[in-house]
Novice: 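One structure coming up, written as structure tokens, with questions to follow.
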4 protein chains.
Amino acid sequence: MALVSQNQILQCLIADNLVSDPNGARGRLLTEAARLFREKGYERTTVRDLAAAVGIQSGSLFHHFRTKEEILKAVMVETIRLNTALMQAALEAAESSSDKLRGLIRAELESINGQTGEAMAVLVFEWRSLSASSQADVLELRDIYEKLWLDVLESLRREGALAAEPFVVRRMLTGALSWTVTWYKPERGGLTLDGLTDQVMAMMALKSS
Amino acid sequence: MALVSQNQILQCLIADNLVSDPNGARGRLLTEAARLFREKGYERTTVRDLAAAVGIQSGSLFHHFRTKEEILKAVMVETIRLNTALMQAALEAAESSSDKLRGLIRAELESINGQTGEAMAVLVFEWRSLSASSQADVLELRDIYEKLWLDVLESLRREGALAAEPFVVRRMLTGALSWTVTWYKPERGGLTLDGLTDQVMAMMALKSS
Amino acid sequence: MALVSQNQILQCLIADNLVSDPNGARGRLLTEAARLFREKGYERTTVRDLAAAVGIQSGSLFHHFRTKEEILKAVMVETIRLNTALMQAALEAAESSSDKLRGLIRAELESINGQTGEAMAVLVFEWRSLSASSQADVLELRDIYEKLWLDVLESLRREGALAAEPFVVRRMLTGALSWTVTWYKPERGGLTLDGLTDQVMAMMALKSS
Amino acid sequence: MALVSQNQILQCLIADNLVSDPNGARGRLLTEAARLFREKGYERTTVRDLAAAVGIQSGSLFHHFRTKEEILKAVMVETIRLNTALMQAALEAAESSSDKLRGLIRAELESINGQTGEAMAVLVFEWRSLSASSQADVLELRDIYEKLWLDVLESLRREGALAAEPFVVRRMLTGALSWTVTWYKPERGGLTLDGLTDQVMAMMALKSS
DNA sequence: GATGAATGAGCATTCATTCAT
DNA sequence: CATGAATGAATGCTCATTCAT
């Protein structure tokens, strides 16, 4: 029972200036940056590459961002903001703890393998390219996001549906789900995102209604 | 029932010239390279950094390796060779499919969080820095390694102990286990490597004897 | 016996459109430009710095001046024009050659260390940043100014009060007086501008009435 | 009665590693840097200009100096070191205070208008391009140099040969002598360096034996 | 007039690689 | 084998100037 669509959530965030409009100059740059950082890595992507990808000159980049690193940070920050909102919506749409977990897994898989997938991969693989102070800023946002997961896993534990420790399980799931980006190709096989979600639940011996 | 020690395996590989002696010039360089690549990333590590780490001048590096990328490739190749041998030993030491899986998980966790951890992380995080042709070479070795896992998982499936697909489960485990490098600190908490292995088995609702 | 005040001279020049009104947009810009060029140097001062100093956007600067160099030239030209007028007034207010020289020295010290000090320093220290053709234009104005000095020094020579050559003495005085800007701080010590003028006359073994 | 030649002094400083051998790679670069900085200004001189002037590639500069500013600082530091040594020699070669002053003036004029002239001009005109911390380092050296002058001027004052204050006179002379670089051309007129020195002494109404 | 995004040439600096010693 | 100066292409970033609004 999705109360709000993904697109509605995005519009709210844009209105609040929390993420950039993907149709605007800044938003398009961030989309291309995520793609290039994912494809070639942050270091191997030059500001000239970034500029060319959105059809401007390299010098013009610096009207929108003061440094190349600021672009990396913006990709990460906006991705977390968007995904936190999507996770909250997924939680609100579910009743049981088991369904809530399924909702989170499904939503994270969608983030990782859908439109924001490149940005999600950047978040994982380019972490070290972020300066220490930027890392601290991003970690603050990340904590909010992770809290959503831990609350659900703790409920499952209390209900006796989960044998392992919530903290450890979340870490395992983070790795397992992130890693799908390296191999899961929806177009290729018969495995849909829902099917993949089922597999994860099955691996954990959990039932999803 | 470990038939052969880890050290014996290493000695065999060194004797066969499949991995470098960690006490030799080449081996020490690869160890330091793995550490630096993991710490700062391949791109941000300069050949001067590498040379300084083993106490030589940057020009001298090129007597041992033709290019910087060759160093990265060697780190990866030798790591896979060593770990393939370790996995095979783990399999030989176990009887049941469930114990075999536990052995693989335990061995991979040890690789990831033990002495070869840095090299294992490099294998994951610096993959894109490898040229296409080197990637192909490394992938060949990787296939052998992955086959060991798939065989065990397929047995478990046949035995009814595993509900999800072996291929998918292996990918999930790859991600989940690799990711431990980002958070698992044996010295810090009460969780030993064996405890961690138990958690993974528990998460999959598998019993380990 | 000052026949006309400094302010009266300034008003005449503004009326004749020879210098900009310091309260107008152009005048304020030139004042700020002199300050910034002196403080940071011409090259290190950006047009954005200049624009920010007068509260406009960088693009708007180019409605007042065609190029950044034109601003530098205007600072120099207007400074020479104003100082030439001030020197002429100083000469008219004195009787003897010795007093005339004292008047010139006193007036130049005031130019250098007073309100136009920053512009005077720019004239000296940023000379090379001026294009050859602009240098020629400014030099023409400078010749008029220098003529005033040479006439007085030649009179003194003829009167036997000066042993050295007028041409050389003027050059020495130019350097000595310009240099005061680097060390003379009227507010700090007991040395007033008149006291400093006396020191210069004393150094030259000249009496000033 | 010059006890030691200028060249002998230079050789001592080179031997003590206080200044670079003008025939070495570093020394030649500093000479060319002084020339270019003087001619075009520090900011307008690119590292490519500097490299081209000594016949190397721009990247190679950074084997000798870590930054462009380090080159500027080295020009200044070595110039002050050399001139301090030359001044000390000039003092030792003179008897009376008046002769000592003449020696200092003569030596400084030679520094300014001779081989180190360009470097001396850089010291004056490019001062602001030096970072605050480098300025502090250079100022320490400068204090030693200035002390030599003040001691002589104070002696003259005590002897009644100087009416003005030593501190002020030194500042005036600094400006006057530095400024000669902008106009004095020995080859052009009949004025030799000795003649110019005489003019300065005459301007101050001092006799030189 | 004023704006501010865009330009594009230019800058100091980095760094893997080479090679004479 | 080792050195370390030299290379030269590439990088992130700056900035005077333009121009559509």
Side-chain angles (χ1 to χ4, degrees), chain A residues 24-26 29 40 42-52 54-72 129, chain B residues 25-26 29 42-52 54-72 129, chain C residues 24-26 29 42-52 54-72 129, chain D residues 24-26 29 42-52 54-72 129:
Chain A
R26 186 185 157 100
L29 177 58
K40 317 170 57 163
Y42 172 77
E43 310 285 350
R44 290 173 113 93
T45 303
T46 69
V47 292
R48 281 171 182 78
D49 291 335
L50 292 170
V54 291
I56 59 172
Q57 294 294 318
S58 69
S60 308
L61 269 190
F62 295 88
H63 276 274
H64 302 287
F65 298 92
R66 260 174 320 197
T67 63
K68 184 185 168 191
E69 200 221 353
E70 202 172 284
I71 300 176
L72 178 60
S129 295
Chain B
R26 187 185 156 99
L29 177 59
Y42 172 77
E43 309 286 349
R44 292 171 111 94
T45 304
T46 70
V47 292
R48 275 177 177 74
D49 291 335
L50 293 170
V54 292
I56 59 172
Q57 293 296 320
S58 68
S60 308
L61 266 192
F62 294 85
H63 287 284
H64 301 285
F65 297 91
R66 260 174 318 189
T67 64
K68 184 185 168 190
E69 199 219 354
E70 204 171 282
I71 301 175
L72 177 61
S129 295
Chain C
R26 186 184 158 99
L29 177 58
Y42 172 77
E43 309 286 350
R44 289 173 114 94
T45 303
T46 70
V47 291
R48 276 178 176 74
D49 291 335
L50 292 171
V54 292
I56 59 172
Q57 293 296 319
S58 68
S60 309
L61 266 191
F62 294 85
H63 287 284
H64 301 287
F65 296 92
R66 263 174 316 189
T67 64
K68 185 184 168 191
E69 200 220 354
E70 204 172 281
I71 300 175
L72 178 61
S129 295
Chain D
R26 185 185 158 101
L29 177 58
Y42 172 77
E43 308 287 350
R44 291 172 110 93
T45 304
T46 70
V47 292
R48 280 172 179 77
D49 291 335
L50 292 170
V54 291
I56 59 173
Q57 294 295 320
S58 68
S60 308
L61 268 190
F62 294 87
H63 275 275
H64 303 287
F65 298 92
R66 260 176 319 197
T67 62
K68 184 184 167 191
E69 200 221 352
E70 202 171 283
I71 300 176
L72 177 60
S129 295

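The chains referred to below are lettered A, B, ... by the order of the sequence lines, with proteins before strands, and numbering in each begins at 1.
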Novice: Take the protein atom CG of D:L50 and the nucleotide atom P of E:dA12, then report the distance between them rounded to whole Å.
Specialist: 8 Å
Novice: Which atom pair, heavy atoms only, marks the closest approach of D:T67 to D:F62?
Specialist: CA-CE2, 4.1 Å
Novice: Quick one: list whatever passes salt bridge (Lys or Arg N to Asp or Glu O under 4.0 Å) with B:E43, sequence neighbours left out.
Specialist: A:R44
Novice: Would you write out the dot-bracket form of DNA chain E, 5' to 3', with Watson-Crick and G-U pairs under 3.5 Å, [ ] for crossing pairs, | for pairs to other strands and . for unpaired bases?
Specialist: .||||||||||||||||||||
Novice: When you look at C:L29 and C:I56, which way does the side-chain contact (heavy atoms from CB on, under 4.5 Å) test go after all the steps?
Specialist: CA-CA 10 Å; C:L29 177 58; C:I56 59 172; 5.9 Å; no
Novice: Please give me every residue in residues 56-69 of chain A whose heavy atoms get under 4.0 Å of an atom in DNA chain F, ordered by residue number.
Specialist: A:S58, A:G59, A:F62, A:T67, A:K68
Novice: First and last nucleotide of DNA chain F in contact with chain D, 5' to 3', at under 4.0 Å to a heavy atom: what are they?
Specialist: F:dA5 to F:dA10
Novice: According to side-chain hydrogen bond (donor to acceptor under 3.5 Å, both in side chains), who are the partners of A:S58, at least two apart in sequence or on a separate chain?
Specialist: none
Novice: Toward the 5' end of DNA chain F, which comes first, A:Y42 or C:R48, by nearest nucleotide?
Specialist: A:Y42
Novice: Is the charged tip of D:K68 near the ring of D:Y42: under 6.0 Å from the six-membered ring centre and within 45° of its axis?
Specialist: yes
Novice: Quick one: D:E43 CD to E:dG10 P, roughly how many Å, whole number?
Specialist: 18 Å
Novice: For B:R66, give me all partners under salt bridge (Lys or Arg N to Asp or Glu O under 4.0 Å), at least two apart in sequence or on another chain.
Specialist: B:E70
Novice: What is the minimum heavy-atom distance between B:H64 and B:A25, and which atoms define it?
Specialist: CE1-CB, 4.3 Å
Novice: About how many Å separate CZ of C:R48 and CG of C:L50, when rounded to the nearest 0.5 Å?
Specialist: 11.5 Å
